[in-house]
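Here's the structure we're looking at; comments come further down.
Just so we're on the same page: letters track the sequence lines, and every chain starts at 1.
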Amino acid sequence: MLLKLTCLVPLFPLIGSIINGFFGLKIGKNAVGLIACGSIGLSFLTSVLIYIGYIMLPEGQHVFEQVVWTWFGAGDFNVDFGFQIDPLTLVMMFVVTGVGFIIHVYSIGYMHEEYSYYRFFAYFNLFASAMLLLVMGNNFLLMFIGWEGVGCCSYFLIGYYFEKKSACDAGTKAFIVNRVGDFAFLLAVMYIFNIFGTVDFTDVMHAAPEKLIYGGEIATIITMLLFVGATGKSAQIPLYTWLPDAMEGPTPVSALIHAATMVTAGVYMVVRCNVLFNLAPLTMTTVAFIGGGTAVMAATIGMTQFDIKRVLAYSTVSQIGYMFLACGVGAYTAAIFHLVTHAFFKACLFLGSGSVIHGIHGEQDMRKMGGLKSHMPVTYWTFLVSTLAIAGIFPLAGFFSKDEILYHSLMDGNIIFWGMGISAALLTAFYMFRLVFMTFHGESRVDPSVHPHESPKVMTMPLVVLAGLAAVGGLLGVPLIHGWHILHNWLEPVLHFDLANALQHSEHMLHEAGRHAPSWAHLLEPKEHNVWIESGLMLFSLVVAIIGIASAYIFYIKRPDLPAKFTEGQWGFDLVQNKYYVDELYDDAIVQPTVEGSKLLWKECDAKAIDGAVNGAASTIGWFSRQAQVFQSGFVRNYALFIVVGFISLLLVMF
Amino acid sequence: MFLTFITFLPFVGAVFLAFMPKENENAIKQTAVAVALTDFLLSLLLWTNFDNTTHKMQFGLNIPWIEAWGINYHVGLDGISLLLYVMTTFLTLICIIASWDVKKHIREYMMAMLALSTGMLGVFIALDLFMFYVFWEFQLVPMYIIVGVWGGPRRIYASIKFFLFTAVGSLLMLVAIIWIYFHIQQTTGVATADILYITEHLDVSLDVQKWLWMAFFLAFAIKVPMFPFHTWLPDAHVEAPTAGSVILAGVLLKMGTYGFLRFNLPFFPQASYEFVPMVAWLAIIGIIYGALVAMVQEDLKKLVAYSSVSHLGFVMLGIFALNPYGIQGALIQNINHGISTGALFLLVGILYDRRHTRLITEFGGLAKIMPKYTICFMIAALSSIGLPGMNGFVGEFLVLLGIFQVNGLWAAFATSGVILAACYILWMFQRVMFLELKNPKNMELKDMNTRELITIVPLIVLIFWIGLYPKPFMNTFDASVTHLVSKVNPDNFRPHQEHKSDSHGEHTQLLTPNEMASLNHKLQMPNKVLIKE
């Protein structure tokens, strides 16, 4: 059976990574590239075979699980090293191996001049393997191997240029901020085991409606902890600060890890645990608020940055905010839809920016670009397609996925969520076209000594493929027409949630505890799918996107003097450009006090208080010993005297 | 008999070395390696012949020693001691190979190492309290000598501090041992110090239990070391030669945790239960405090030493979770710490051999010229911070899972240790391995040689083996832990009553639907948080 191949998917890149890591220098660059791309290509092909195997499963079976071995356990706790194949996993597998393969190919060209070419590909393959573990694991802990594994690879790759201090700092920061999220994730897993007695996804999701009370504190705490974990990995407020810094890594890394796959792991995890989140309305609202808030906040910062990769990084933070907004209002399909389309266009954008940087010899400041359109036609056109896609222009991929999120945030959420979504859309269209205009249009501001050139085929072909995907990806979820939303139908088995049944269980549990259940009737009212509202919203957001593009056109093509006028001396602009001083705040409020406090603990508490007490005790004893020394004078007559005195006192005491 | 043979083989080797000519250094080293290797291989035989299904002592031997006082030479291994025993022979071998370049008094050094090995092995197999005490004190001497003779500049201060700390702690334990001896004689009429017999028959009131528990606690807490008894450790580590540090971290500290499992828990189950909050808080403080102080260290070895305080906090927390998750986690974490921290000490030692300094500021950019070293260091460091897929995670997670069953808040505090661990390890790693290679003294550093790789690679293999498939290791103590947990189960010494009246936290294991509902009820939120459009 084809599904038996499951465990090979993460294994291929792992083997590739080991070969390249140990023998990379000996086998030469061509072989390294071939092994790296070949291994992930094999994973992609295997995923296709698994897909075929999956659709041949008998009717009614939606999950295939493969336990490879029992990982560890104690008492009644046991956790398997096992994989699961279900619709959600398959979608993620295709994104990781498909987009991953394209970016691997691109990297052959991009990294070609590097001495430690092999090291890059060893990490890159290792990352792919860990990411596949993350999406294929059948329990929380195996997911956690992947979860921390990708974080670790991201750490290596951000710090790839390890001689640069900024790169090292960025890597360390990414790892530590991620660990804050992981801390919450771990606690959530422990809590889940405490309640369910298992950490297996299928079992937990199956038992959740019967064990958790709707809106109860247990469900809320567990999901909140999980969500904090997600904010770390997916760079959401308040743990987003590491992602912009992570741009210190080579550009393909930014494309694969910090745009297409790893940073969306949080979204995947929330969707994977959708049953738990459905039972915790308070958490859902929080998720939506954080997501929407992040979308807007990151977009505002994106408008003010000049480093081409940083703009894209904030754009990524903002777009992931969209996905969480969708999760928060229960539109999980829309979240995954946007995850997929975002993987296409954002990977293309990052690789495009890499091509630009490559073409002008490492310059990243947009103020030193401009007019590159004619020098790099392929890069320009693919970049433009992806930009239109992210801005939400019909009929490109971003249009469909974004509008689905906006529609649900209004219908299943409220006007505030929608407001956040639509303003982020406006800002996105603006800053993305600001980027395009500053980079490719207008006068050239490139250093005259540099001759811009188009990148080699091995780099432009991936761009073309990704741009193509960004153009047609929307077909996965055609709106309005019933039954045409392929992704929706496909994910149905994972996202199916019987709210009525869950509420019944909750009522029953509350009843047994002697409490009245609140009225949940309004939750069960069927929601009409209003085609007219949806089309109206689409039109509106299209208009908004065009306004955004038009204003970018005015600001950066028509009247290039305007931006300076608007921004100069404005404290608001300074605030945004300095990223709201959040980094500085964290540094002053958390990092410095911890370091200084630790020094104090060491010097004062450890060295003075504790050791002081110990040494004090020792010297006190020493002092007494020296006093007692008097008696050990070595003179026999003194000893005789003591004997006599002792004898007499003994006699006195006895009689 | 076999067990005795393995235990005393190193000592015999040490005596044999004493008769070898001093000048023939190679022969001395080779003999020492041969002895340690034989010992290690023989101890592996113990493992393969070990019966996982029982908690009973195996390979036992019980012969009278001082008959007048009923003191026997009684030895044996069970699941709790087996892995520690094997790890001792293993680390001894690694350490002897790692000490190849010791310049001063190589014969005496090897003798001390081998004698130390016998002392430590004796601690883990002793089943008679007096015998245990003899070994417990005996292994101090070679360790004292190793630090005091082959140590760094402040070796005298460090070795005396180490010796006095431990000796003071064990004095109270000796008093308690004597008390127990006479008490057992009075109550059962048998004059014996047999550990198994005492475990079965010691029956004292809670108040007395508490006093005795405290006496043992002090001895073991100093050894572990728990906050605030830890200050001897950084000094001892910094001054000890590399192999001394490895043994110190890998085995000597484990004697403390072993003591808790062998004595405190089974002898005084009720007192142990009563003291859970105290130990848990000390352990949590140790985890956080150790990590914070480690973060600001300037000396690599001191950093690793303080990280040990943090890691051992996890082990203690696991033991005093008093449930199978926690104790199994603690036992595997014992081994993990020996491997990861052992590897870190070896690696720091390799650097010290080349540069004769351990100051972090002296380094930077080593990744460029020492790639093999960097990879090994990275793996050891990541395993030390508990990256899943490596050994540290398995232990840490089980410990945390165990303590979560007792008290969620404690678990949350302890889990914050994983963030701090990442801070101190990565920050150090960055400053040593990454950045520019600036210091001219480092330009010519050589990467690891074959001998050094031989000492590190086995540890790295173990890191992944335990991380991915710990079953062969964890199976050994499954039965023993189950037995131990049943012994300290509060139901044994508490009149049956409802579950909730626990003095601290809920001992909820698997909830019945009713309990579930009542728990949910307790935590039920006001329903106004439901969002309407």
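For the atom pair K599(A) NZ and E298(B) CD, the distance stands at 7.5 Å (nearest 0.5 Å). Atom CG of residue L187(A) and atom CG of residue L401(B) lie 11.0 Å apart, to the nearest 0.5 angstrom. Atoms CD1 and CD1, on I176(A) and I425(B) in that order, are 11.0 Å from each other to the nearest 0.5 Å. If you take CG on D182(A) and CD1 on I419(B), they are separated by 8.5 Å, rounding to the nearest 0.5 Å. The structure places CG of L387(B) at 11.5 Å from OH of Y155(A), a figure rounded to the nearest 0.5 Å. With rounding to the nearest 0.5 Å, the separation of CZ in F185(A) from OG1 in T415(B) is 13.0 Å.
With a 4.5 Å cut-off on non-hydrogen atoms, V614(A) touches chain B through its side chain but not through its backbone. Only the side chain of F393(B) comes within less than 4.5 Å of a heavy atom in chain A; its backbone stays farther off. Contacts of T482(B) with chain A are absent, with no heavy-atom separation under 4.5 Å from either backbone or side chain. In this structure, chain A has heavy atoms under 4.5 Å from both the backbone and the side chain of K368(B). For chain A, no part of F473(B) is nearby; none of its heavy atoms comes within less than 4.5 Å. Looking at I385(B), both its backbone and its side chain come within 4.5 Å of chain A, counting heavy atoms on both sides. With a 4.5 Å cut-off on non-hydrogen atoms, T70(A) touches chain B through its backbone and its side chain both. In this structure, chain A has no heavy atom under 4.5 Å from any part of M390(B). Residue contact with chain B, scored on non-hydrogen atoms closer than 4.5 Å, involves the side chain of N615(A) exclusively. At a 4.5 Å heavy-atom cutoff, the contact between Y157(B) and chain A is made by side-chain atoms alone. Interface remark: I416(A) contributes no atoms to any contact with chain B (heavy atom separation under 4.5 Å). Contacts between C152(A) and chain B at a heavy-atom distance below 4.5 Å involve the side chain alone, from C-beta outward. For F156(A), the part lying under 4.5 angstrom from a heavy atom of chain B is the side chain only.
Ranked by non-hydrogen atom pairs under 4.5 Å with chain A, the options Y289(B), W427(B), F229(B), Y306(B) are led by Y289(B). Counting heavy-atom pairs closer than 4.5 Å to chain A, the top-ranked of the candidates H230(B), K471(B), M295(B) is H230(B). Of the listed residues (S506(A), C605(A), G149(A)), the greatest number of heavy-atom pairs within a distance under 4.5 Å of chain B belongs to C605(A). Looking only at heavy-atom pairs under 4.5 Å with chain A, the residue among F165(B), W232(B), F227(B) that has the most is F165(B). Per-residue heavy-atom pair counts under 4.5 Å with chain A were compared for E436(B), M433(B), M474(B), and the maximum is reached by E436(B). Annotation: maximal heavy-atom pairing with chain B below 4.5 Å, among T594(A), I415(A), V595(A), D169(A), occurs at D169(A). The choice from L292(B), D478(B), L426(B), L435(B) that makes the most heavy-atom pairs within less than 4.5 Å of chain A is L435(B). Between chain B and the residues A607(A), S116(A), A74(A), the largest count of heavy-atom pairs under 4.5 Å involves A74(A).
In this structure, the side chains of D611(A) and K161(B) come closer than 4.5 Å at one or more pairs of heavy atoms. Between F72(A) and I466(B) the shortest side-chain heavy-atom distance does not fall below 4.5 Å. You'll find the side chain of T172(A) stays beyond 4.5 Å of the side chain of F429(B), heavy atoms only. Counting heavy atoms from C-beta on, the side chains of P388(B) and W147(A) never come closer than 4.5 Å. Side chains of F397(B) and M190(A) form a contact here, defined as non-hydrogen atoms less than 4.5 Å apart. In this structure, the side chains of E163(A) and F434(B) stay at 4.5 Å or more apart for every pair of heavy atoms.
In this structure, G386(B) and E148(A) approach most closely via the heavy-atom pair O-OE1, 4.2 Å. Of all the heavy atoms in Q328(B) and G73(A), the pair that sits closest is OE1-O, 3.9 Å.
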Can you check ring pair (Phe, Tyr, Trp, His ring centres under 6.0 Å) on F404(B) and F193(A), steps first, answer last? CA-CA 10 Å; F404(B) 194 95; F193(A) 176 73; 9.6 Å; no
Verdict with supporting geometry, F81(A) and Y469(B), ring pair (Phe, Tyr, Trp, His ring centres under 6.0 Å): CA-CA 9 Å; F81(A) 208 97; Y469(B) 189 61; over 10 Å; no
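In this structure, Y325(B) and F77(A) have perpendicular ring planes: the angle between them is above 60°, well past the 30° mark.
For F413(B), the CZ atom sits in a loose shell: 12 or fewer heavy atoms of surrounding residues, nucleotides or ligands are nearer than 6.0 Å.
Put simply, the side chain of W71(A) never gets that close to the backbone of P470(B): no donor and acceptor are under 3.5 Å apart.
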